[in-house]
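What follows is a set of notes on a single structure, which appears directly below.
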Amino acid sequence: VNYIKNKKGNNMKHLSFDIDLHSKQGRIFRIEVTENYEGDKYHINVFEKDENSFDHLETISGNDEKHFFQILKQIENDQII
């Protein structure tokens, strides 16, 4: 759990975590997820591993848990980016 200051300067708890995901085509992704960030229920940053670094590909706003898992499935199936 991270603490992020809101517009009023108050600390707010936000769940955040990273996922390493291998697509069916062998691509390697790092997905960074932060809950309730910048107006998004799930703020999702997608990176692709390129040798020794991760390149940012896209930032996605997840509406709810179902949408979040749909996004993961799309990445896994190489249907996104």
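One-based numbering along the sequence shown.
- Distance CD1/Ile75 to CD1/Ile60: 5.0 Å, rounded to 0.5 Å.
- Applying the ring-ring contact (aromatic ring centres under 6.0 Å, His included) test to His56 and every residue at least two apart in sequence or in another chain returns Phe47.
- Contact check for Arg30 versus Ile19: no side-chain heavy atoms found under the 4.5 Å cut-off.
- In this structure Asp55 satisfies the side-chain contact (heavy atoms from CB on, under 4.5 Å) test together with Asp50, Ser53, sequence neighbours excluded.
- In this structure, OG on Ser23 lies 7.5 Å from CD on Glu48, to the nearest 0.5 angstrom.
- Judged as a salt bridge (Lys or Arg N to Asp or Glu O under 4.0 Å), and not counting sequence neighbours, Asp40 has no contacts.
- Of the charged side-chain nitrogens involved, none lies within less than 4.0 Å of a carboxylate oxygen, so that Asp78 and Lys24 do not count as a salt-bridged pair.
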Residues 64-73, side-chain donor-acceptor partners within the protein, below 3.5 Å, at least two apart:
| from | atom 1 | to | atom 2 | distance (Å) |
| --- | --- | --- | --- | --- |
| Asp64 | OD1 | Lys66 | N | 3.2 |
| Asp64 | OD1 | His67 | N | 2.8 |
| Glu65 | OE2 | Tyr42 | OH | 2.8 |
| His67 | ND1 | Asn63 | N | 3.0 |
| Lys73 | NZ | Glu76 | OE1 | 3.4 |

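- Atom CD1 of Ile28 sits about 4.5 Å away from atom NE2 of His22, to the nearest 0.5 Å.
- With respect to Ser16, the side-chain contact (heavy atoms from CB on, under 4.5 Å) criterion is satisfied by exactly one of Thr34, Val33, Asn36: Thr34.
- To the nearest 0.5 angstrom, Ser61 atom OG is 11.5 Å from Lys41 atom NZ.
- Here the straight-line distance linking atom CZ of Phe54 with atom CD1 of Ile31 works out to 10.0 Å at 0.5 Å rounding.
- Judged as a salt bridge (Lys or Arg N to Asp or Glu O under 4.0 Å), and not counting sequence neighbours, Lys49 has no contacts.
- By the salt bridge (Lys or Arg N to Asp or Glu O under 4.0 Å) test, Glu32 is found to be paired with no residue, residues two or more places apart in sequence or in another chain being considered.
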